[in-house]
Each structure stands twice: as structure tokens, then as C-alpha cells.
Amino acid sequence: MNENLELRKSAIDNPKDWRVYKISGVERTIIARKGGPSASDIKSKESYQELRNNQKEFGVASMMARTMRMTMTGDLGDICETYSSGKLTAKFRGLVKGVDGPTGRRPLTPSKYGKQVEGFEFNPEFPFGTTFYPKYFVHPGQGRGHVILHFPGFVPQSNISFPAEATHFKLTAKLVSISDFYFDEEEASYRPCNPDHHGLTDSFESNMFPDLKIAIQPITAQLSIVPPKGLPEKVGVFLLMGVKFYKYENAKYTFVKNGSSCKVLKSF
């Protein structure tokens with residue numbers, strides 16, 4: 001499946017060498033290379049029932065990955081490697097591991113199994129833990145969806161792996177909510193348990209700091225996506241953490257992609 005082709009579907013109705021089709025129970029469009037079974041075969045033949053069931057679960061996992069990925073805008077989005085969306089989809093597909101029930105009807109529950117997504121690196125060539133390695137603390141706040149971050153004072157040159165061209169850095173964090181999904185037998189498709197709480201976000205970004213040999217001051221930040229009535233139970237919450245590098249030249253900061261990193265640090 002090719003995410004970019006799906007995004008271009010409005011401009012290209014029939015991409016060369018690709019098939020475009022829909023499957024009952026999957027809201028998104030399925031795009032696959034030509035050859036092998038026809039779209040009609042896949043949609044109707046009994047021999048492809050298991051494939052259709054897997055594609056239903058894959059469609060939900062892909063939507064979850066896309067929700068998280070689309071919250072990463074600006075420089076943070078530029079950190080993502082080319083195939084991060086597909087790899088993140090595979091992580092979310094892992095939510096069904098150990099879940100009883102027939103394929104294509106199993107619930108996908110980030111509220112219970114979000115740890116399957118923890119540790120995902122959006123730029124695996126530069127893992128967060130080997131780029132940024134001072135001590136920091138993540139404390140749960142007042143209820144799920146509220147997190148307190150604390151970074152004790154640290155020396156950047158001794159605790160951060162700067163790319164050769166970088167002169168400055170920023171710390172960044174993002175909290176994202178992803179609803180659990182269940183299979184609606186009447187509608188014969190997956191539905192979110194809490195659509196109003198799906199895709200809520202809050203972000204933190206530090207000041208710009210230079211590549212110093214002396215310690216910077218401690219940093220404390222709070223992130224919250226807690227609605228007035230609180231988050232319901234069937235919603236997973238994910239904390240993303242990253243470090244972004246910049247080059248200061250001619251009175252201008254330019255983002256340095258190589259070396260910048262971001263990962264799914266924790267689920268709640």
C-alpha cells in the first residue's frame with residue numbers, strides 16, 4: 001500500500017501500475033500494485049476472506065498511525081524518515097497481538113496495549129536516546145492526558161550529540177490521544193469508541209539554546225489534553241519526545257534534519 005498514492009488520488013484517478021478499490025468495513029481506499037488477483041476477486045471470493053479481514057485491521061492501524069503522524073507539523077514533521085508511516089502502522093497493528101476473536105473483528109485498543117508503540121523512532125538513523133542523553137523525568141499529572149516534564153540543568157556539549165553543522169537546538173514534546181476502535185457488527189465496519197477524544201494534542205517546545213560548554217537552567221513543562229470532563233477510559237495517550245537542531249548563519253536559523261530525532265517515548 002502506498003500512502004503517497006492515496007494522497008494523490010484526487011489528482012490521479014488511475015495511477016499507472018496500481019489498482020484502486022474499496023473493501024466493506026474499511027473506510028480508506030485500498031491501493032495495490034497490478035498483477036495477481038483482481039480487485040473483484042479480493043472483494044468477493046471466499047479464498048480471500050482472510051486477506052479482507054487482515055486489511056480491515058490494517059486499515060484501522062493505518063488510520064491511527066496517520067493521526068499521530070499528522071500531528072507532527074513543521075520541523076518536527078521533517079524529522080520523519082520516508083517510510084515512517086508504514087512502519088508506524090505496523091506498530092499499531094501490533095495492538096491486536098494476544099487479543100482473542102476472529103481476524104477482522106478484533107478490537108484495537110491503544111488504551112490497553114499502547115506499549116506496543118513505545119520506542120518507535122521517527123528517524124531511526126538518529127535514535128533519540130543516542131542523540132539526547134541527559135537525565136529527565138516524566139511525571140503523570142492530574143489524571144490521564146496530563147504530563148509534567150522536568151529536565152534538570154545539563155551541559156549541552158556533554159549531553160547532546162550535535163551534528164557537525166548544528167550550532168543550536170530545541171527540545172520538543174507532544175501528547176497525542178488515540179481512541180480505541182471496535183468492530184460494529186451492524187455496520188460491518190470499525191468505529192472509534194470515543195471519536196470526540198481521538199486526535200487531541202498538546203505540545204511543548206523549549207527556547208533555542210546554543211551548543212554550550214556550561215549548564216543551561218532546568219526546564220519544567222506541562223502538557224495537557226484533559227477535557228473539562230476528563231478523558232474516558234477507552235482512549236490511549238502517547239508522549240512523543242524529540243530534539244531539533246539548527247544552524248545559525250547570517251542572522252538566520254536553518255533547521256538541520258540530519259541528527260534531529262523524535263520517538264514515541266511513553267504510552268498512558
Side-chain angles (χ1 to χ4, degrees), residues 68-69 71-81 84 87-88 91 114-115 117-177 200-226 236-268:
M68 178 178 286
R69 175 67 179 79
T71 68
M72 302 175 67
T73 57
D75 294 340
L76 193 59
D78 290 339
I79 289 175
C80 299
E81 61 135 2
S84 63
K87 292 179 180 178
L88 185 57
K91 281 286 189 179
K115 288 188 179 297
V117 188
E118 286 183 0
F120 179 81
E121 297 279 357
F122 288 92
N123 192 3
E125 186 176 353
F126 304 99
F128 179 74
T130 58
T131 300
F132 180 82
Y133 34 89
K135 289 184 178 180
Y136 58 90
F137 303 93
V138 178
H139 302 287
Q142 298 177 350
R144 275 191 330 123
H146 185 203
V147 173
I148 300 170
L149 305 177
H150 180 67
F151 302 86
F154 63 89
V155 178
Q157 282 196 6
S158 302
N159 292 273
I160 300 178
S161 179
F162 279 81
E165 60 183 308
T167 60
H168 291 70
F169 74 97
K170 285 183 177 182
L171 300 178
T172 184
K174 186 175 288 289
L175 212 57
V176 184
S177 65
L200 300 178
T201 66
D202 192 25
S203 301
F204 159 75
E205 186 168 277
S206 74
N207 295 327
M208 186 80 74
F209 293 107
D211 182 5
L212 295 172
K213 294 182 180 180
I214 58 175
I216 65 173
Q217 293 296 312
I219 302 170
T220 300
Q222 297 190 51
L223 292 91
S224 178
I225 53 174
V226 182
V237 179
F238 297 88
L239 175 64
L240 283 58
M241 187 86 77
V243 57
K244 304 187 295 185
F245 295 106
Y246 297 85
K247 179 180 181 180
Y248 185 71
E249 189 175 48
N250 299 324
K252 180 181 178 181
Y253 291 103
T254 302
F255 176 63
V256 178
K257 177 180 179 179
N258 288 335
S260 296
S261 64
C262 183
K263 72 181 294 184
V264 180
L265 186 70
K266 192 172 180 62
S267 65
F268 303 91

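The figures here come from the full heavy-atom set of this structure, side chains too, leaving out hydrogens, waters and symmetry mates. All residue numbers in this chain count up from 1 along the given sequence.
Taking H150 as the reference, T220 meet the side chain to side chain donor-acceptor pair (under 3.5 Å) condition, with sequence neighbours excluded. F209 meets the side chain to side chain contact (heavy atoms under 4.5 Å, CB included) test with F169, S206, N207, I216, I219; sequence neighbours excluded. A search for side chain to side chain donor-acceptor pair (under 3.5 Å) contacts involving E165 returns nothing, not counting sequence neighbours. Evaluation of the side chain to side chain donor-acceptor pair (under 3.5 Å) rule for K170 yields E205 as partners, not counting sequence neighbours. Qualifying side chain to side chain contact (heavy atoms under 4.5 Å, CB included) partners for R144, counting only residues two or more places apart in sequence or in other chains: L231, V235, V237. The side chain to side chain donor-acceptor pair (under 3.5 Å) search around H168 returns none, not counting sequence neighbours.
No more than 12 heavy atoms of other residues, nucleotides or ligands sit less than 6.0 Å from atom CD of Q142.
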Between L240 and M68, does a side-chain contact (heavy atoms from CB on, under 4.5 Å) hold up when you go through it step by step?
-> CA-CA 10 Å; L240 283 58; M68 178 178 286; 4.2 Å; yes
Derivation and outcome, side-chain contact (heavy atoms from CB on, under 4.5 Å), residues V138 and F268 | CA-CA 11 Å; V138 178; F268 303 91; 4.2 Å; yes
List the steps and the verdict of side-chain contact (heavy atoms from CB on, under 4.5 Å) for F132 and K263.
-> CA-CA 11 Å; F132 180 82; K263 72 181 294 184; over 6 Å; no
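Distance alone, capped at 3.5 Å, is enough to place a donor-acceptor pair between the K174 side chain and the T71 backbone. The main-chain N or O of H146 is never found under 3.5 Å from a side-chain atom of Q222 such that the two would form a donor-acceptor pair. Side chain of N123 to main chain of S260: a donor-acceptor pair is present (N/O by atom type, distance under 3.5 Å, no hydrogens or angles). The closest donor-acceptor contact from the side chain of S177 to the backbone of L200 lies under 3.5 Å. Looking only at distances, a side-chain donor or acceptor of Q157 sits under 3.5 Å from a matching main-chain atom of D211.
With a 4.5 Å cut-off on side-chain heavy atoms, I79 and K244 count as touching. By the 4.5 Å heavy-atom criterion applied to side chains, Y136 and L171 are not counted as neighbours. F162 is listed as a side-chain neighbour of P156, based on a closest heavy-atom distance under 4.5 Å. Considering only heavy atoms from C-beta on, I160 comes within 4.5 Å of F154 through its side chain. In this structure, T172 and C262 have side chains that are not in contact, with every pair of non-hydrogen atoms separated by 4.5 Å or more.
For F120 and F122, the distance between ring centers is under 6.0 angstrom.
The only member of I148, D202, T201, V176 that meets side chain to side chain contact (heavy atoms under 4.5 Å, CB included) when paired with L223 is D202.
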